[in-house]
Peer 1: 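The structure follows.
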Amino acid sequence: MSDILDVAVRLAAVFVAFLVLPLVLGQTEHKVMAHMQGRLGPMYAGGFHGWAQLMADAVKFAQKEDIVPAGADRRIFQLAPAVALLPYLLVLVVIPIGPGNAVGEFIDAGIFFVLAVLGIGVLGSLMAGWASANKFSLLGGLRTAAQLMAYELPMLLAAASVAMAAGTLSLPGILEAFHWWWVPWQIVGGVVFFTAGLAELQRPPFDMPVADSEIIFGAYTEYTGLRFALFLFAEFVGIVVLCALTTVLFLGGWHGPFGVDGLGPVWTLLKTALLAFVVIWLRVSYPRLREDQLQKLAWTVLIPLALAQIALTGVIKVVIQ
C-alpha cells in the first residue's frame, strides 16, 4: 500500500509541474519580451507589472468560437492537439529532479524512451496540417516533417555521446556517473542537443513551418479557441522538457557547485530556468532562418559536430580506461 501511495504522490507532483511550469514560463516570456522589445501592452494588464496578462490570454482563447473546417477530417483535426501535448507529460515522468526517488518513474533505457516519445509529439503538427483541408496548413505540416527528419538525428547523436560517457541509458544513472570535468568536453554535444530541440519545437529562429509571412500559421492556421491554446501550451511544455533534459544530460542536473548537492531539486530548476531564459532571448534576438538555411545548419553543421563529439567521447573513454 505504501508503494502505491509513493508512486501516486510522485505522479501527482509530475502532473502539477506539467500544469504549472509552462504557465510560469508563458508569463515570464511576456515580461522578458516586453522589456527586451519595449512592449508596453503586456506590462499593463491587471495593474502591477501586468500580472493578469496570462489570465487575459486564457479568457481570450476560451471565448473564441470552436471551428472545424467543413472539408476537414473531423476526428483527426480534433485529436491533433492532444497528440501534440500528451507526449511531453510522459517525458516529464522520467526526468529526475533530485537524487534518490525524486523522479516520477525509473526507466532503465530512459534516453531511448524520451527520444522516442518526443518524436511522437511532432505527429500532432503533421496531423493538424493534413486534416485541416487547407493548403497552407498542409505546407506547414510538410515543413514540420522535413524539419523533424533533419534535426532528430543530431539530437539523438548528442544524447548518445552522454550515454557513452556515463555507460548507461538511464537518466538517473547518467547523473550518478556525472563529473564536473565532463562539462568542457561535452559542451559541444549540449549545444547541438539544445539547438536541435529548439528546431523540433519550431521555436524562433527555427519557426519556418509557421512562417506567418508565407503560410499564415502553418499547420495551425485553421485552429481557434482552446484547441489553438493547447498547441501553444504544448510548445511551452516542450520548452520546459527540452531545458530539463539539457540540464540532466549536459549540466549535471541536481549536482550543485563546490560539491553542495543538498539542494538537488533547486539546482535542477535553476539550471532549467536559465536555459528557458535563453530560449526566450533567442526568440527576440535572431531572425527566422530560411528553409534552405535551416536544412543546411542541420546536415552540414550539427550532424558533423555531433559525430565529432561521439568520436571525442570514445577517445576520452579509452584514455581513462
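As the structure is a computational prediction, the values presented were derived from the model and not from experiment.
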Peer 1: Between Lys135 and Glu222, is there a side-chain N and carboxylate O pair less than 4.0 Å apart?
Peer 2: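 Salt bridge between Lys135 and Glu222, a charged N being under 4.0 Å from a carboxylate O: no.
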Peer 1: Flag the pair Leu126 / Leu142 as yes when at least one side-chain heavy-atom distance between them is below 4.5 Å, and no otherwise.
Peer 2: no
Peer 1: Provide the closest heavy-atom pair for Pro287 versus Pro205 in the form atom of the first, atom of the second, distance.
Peer 2: O-CB, 3.2 Å
Peer 1: Going through the checks in order, is the side-chain contact (heavy atoms from CB on, under 4.5 Å) test met by Gln147 and Leu294?
Peer 2: CA-CA 8 Å; Gln147 195 158 306; Leu294 190 146; 3.1 Å; yes
Peer 1: Check each of Leu198, Leu156, Leu302 against Tyr151 using the side chain to side chain contact (heavy atoms under 4.5 Å, CB included) test, and report the only one that passes.
Peer 2: Leu302
Peer 1: Which heavy-atom pair separates Thr268 from Gly253 by the least distance, and what is that distance?
Peer 2: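 Closest approach of Thr268 to Gly253, heavy atoms only: OG1-C, 3.5 Å.
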Peer 1: For His255 and Leu175, indicate whether the former's side chain and the latter's backbone hold a donor-acceptor pair under 3.5 Å.
Peer 2: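 At least one qualifying donor-acceptor pair exists.
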Peer 1: Is Ile97 linked to Val114 within one hydrophobic cluster, defined over Ile, Leu, Val, Met, Phe, Trp and Tyr using a side-chain heavy-atom separation of less than 4.5 Å?
Peer 2: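 Hydrophobic grouping puts Ile97 apart from Val114.
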Peer 1: How far apart are the C-alpha atoms of Glu200 and Phe206, what are their side-chain angles, what is the distance that settles it, and do they pass the side-chain contact (heavy atoms from CB on, under 4.5 Å) test?
Peer 2: CA-CA 8 Å; Glu200 291 205 354; Phe206 304 102; over 6 Å; no
Peer 1: Would you kindly confirm whether Val248 and Val278 end up in one hydrophobic cluster when ILVMFWY residues are joined by side chain heavy atoms under 4.5 Å apart?
Peer 2: yes
Peer 1: In Å and rounded to the nearest 0.5 Å, what is the CE to CZ distance from Met155 to Phe194?
Peer 2: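 Nearest 0.5 Å value for the CE-CZ distance: 10.5 Å.
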Peer 1: Should the pair Phe193 and Phe250 be assigned to parallel (<30°), tilted (30 to 60°) or perpendicular (>60°) ring geometry?
Peer 2: tilted
Peer 1: For Phe61 together with Phe233, are the ring centres under 6.0 Å from each other?
Peer 2: no
Peer 1: Do Ile239 and Leu275 share a hydrophobic cluster, counting only Ile, Leu, Val, Met, Phe, Trp and Tyr and linking them when any side-chain heavy atoms are less than 4.5 Å apart?
Peer 2: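 Yes; tracing contacts between hydrophobic side chains, which count when under 4.5 Å, links both residues.
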Peer 1: What distance separates Trp267 CH2 from Trp254 CH2, expressed to the nearest 0.5 Å?
Peer 2: 15.5 Å
Peer 1: Can you name the closest pair of heavy atoms from Ala177 and Trp182 and give their distance?
Peer 2: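 Of all heavy-atom pairs spanning Ala177 and Trp182, the closest is O-CZ2, 3.3 Å.
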Peer 1: Other residues, nucleotides and ligands only: do more than 12 of their heavy atoms fall within 6.0 Å of CZ on Phe106?
Peer 2: yes
Peer 1: Roughly how far, to the nearest 0.5 Å, is CZ of Phe277 from OG1 of Thr28?
Peer 2: 10.5 Å
Peer 1: Any side-chain donor-acceptor pair under 3.5 Å between Thr313 and Gln186?
Peer 2: yes
Peer 1: Treating Lys64 as the side-chain partner and Leu226 as the backbone partner, does any N or O pair qualify as donor plus acceptor under 3.5 Å?
Peer 2: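 Judged by distance alone, no pair lies under 3.5 Å.
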Peer 1: Could you report the tightest heavy-atom contact between Met164 and Gly314, atom names first, then the distance?
Peer 2: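 Taking Met164 first and Gly314 second, the nearest heavy atoms are SD-N, 3.8 Å.
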Peer 1: OG/Ser161 to CG/Leu305 distance, rounded to the nearest 0.5 angstrom?
Peer 2: 12.0 Å
Peer 1: Do Asp207 side-chain atoms and Val210 backbone N/O form a donor-acceptor pair below 3.5 Å?
Peer 2: no
Peer 1: With no hydrogens and no angle check, is any side-chain donor or acceptor of Thr168 less than 3.5 Å from a backbone partner on Ser170?
Peer 2: yes
Peer 1: Is there a chain of hydrophobic side chains (I, L, V, M, F, W, Y, each step under 4.5 Å between heavy atoms) that links Trp185 to Leu307?
Peer 2: no
Peer 1: Is there a path of hydrophobic side-chain contacts, each under 4.5 Å between heavy atoms, that joins Leu92 and Ile107?
Peer 2: yes
Peer 1: Taking the side chain as everything from C-beta on, heavy atoms only, tell me whether Tyr286 gets closer than 4.5 Å to Pro204.
Peer 2: no
Peer 1: Is there a side-chain contact between Arg227 and Pro81, using heavy atoms and a 4.5 Å cut-off?
Peer 2: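 Yes; the side chains approach each other to less than 4.5 Å.
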Peer 1: Could you check whether the rings of His179 and Trp181 sit parallel, tilted or perpendicular, using 30° and 60° as the cut-offs?
Peer 2: parallel
Peer 1: Evaluate the side-chain proximity of Val241 to Leu118: yes if any heavy-atom separation is below 4.5 Å, no if none is.
Peer 2: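 Yes, close enough: below the 4.5 Å cut-off.
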Peer 1: Taking Arg290's backbone N and O only, do any of them form a donor-acceptor pair with Gln293's side chain (distance below 3.5 Å, no angle check)?
Peer 2: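 Answer holds: yes.
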Peer 1: Mind running side-chain contact (heavy atoms from CB on, under 4.5 Å) on Ser137 and Tyr223 for me, showing each step along the way?
Peer 2: CA-CA 10 Å; Ser137 298; Tyr223 282 85; over 6 Å; no
Peer 1: Measuring from Asp73:CG to Gln78:CD, what's the distance to the nearest 0.5 Å?
Peer 2: 9.5 Å
Peer 1: Hey, what do you get for CE (Met149) to CD (Gln295), rounding to the nearest 0.5 Å?
Peer 2: 9.0 Å
Peer 1: Which atoms form the tightest heavy-atom contact between Ala82 and Pro87, and what is the distance?
Peer 2: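 Result for this residue pair: O-CD, 4.1 Å.
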Peer 1: Determine whether Leu85 and Phe18 make a side-chain contact, defined as any pair of heavy atoms from C-beta on separated by less than 4.5 Å.
Peer 2: yes
Peer 1: Val279 versus Cys243: any side-chain heavy-atom pair under 4.5 Å?
Peer 2: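 Yes; the side chains approach each other to less than 4.5 Å.
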Peer 1: Check Ala306 against Val192 and note the closest heavy-atom contact, atom names and distance.
Peer 2: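 Scanning both residues completely, I find the closest heavy atoms to be CB-CG1, 4.1 Å.
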Peer 1: Report yes or no: does Gln202 contribute a side-chain atom to a donor-acceptor pair with the main-chain N or O of Ser125 at less than 3.5 Å?
Peer 2: no
Peer 1: Going by the side chain to side chain contact (heavy atoms under 4.5 Å, CB included) test, name the single residue among Leu245, Thr246, Val240 that passes it with Leu242.
Peer 2: Thr246
Peer 1: Would a 4.5 Å heavy-atom cut-off, applied to side chains only, mark Phe113 and Leu90 as touching?
Peer 2: yes
Peer 1: Less than 4.5 Å apart, side chain to side chain, heavy atoms only: is that true for Asp57 and His30?
Peer 2: yes
Peer 1: Are there over 12 heavy-atom neighbours, none belonging to Met36, within less than 6.0 Å of that residue's CE?
Peer 2: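 It does: Met36 CE has more than 12 such atoms within range.
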Peer 1: Given the rule in the side-chain contact (heavy atoms from CB on, under 4.5 Å) test, do Leu79 and Met127 qualify, once you have shown the distances and angles that lead to the verdict?
Peer 2: CA-CA 8 Å; Leu79 185 62; Met127 293 167 60; 4.0 Å; yes
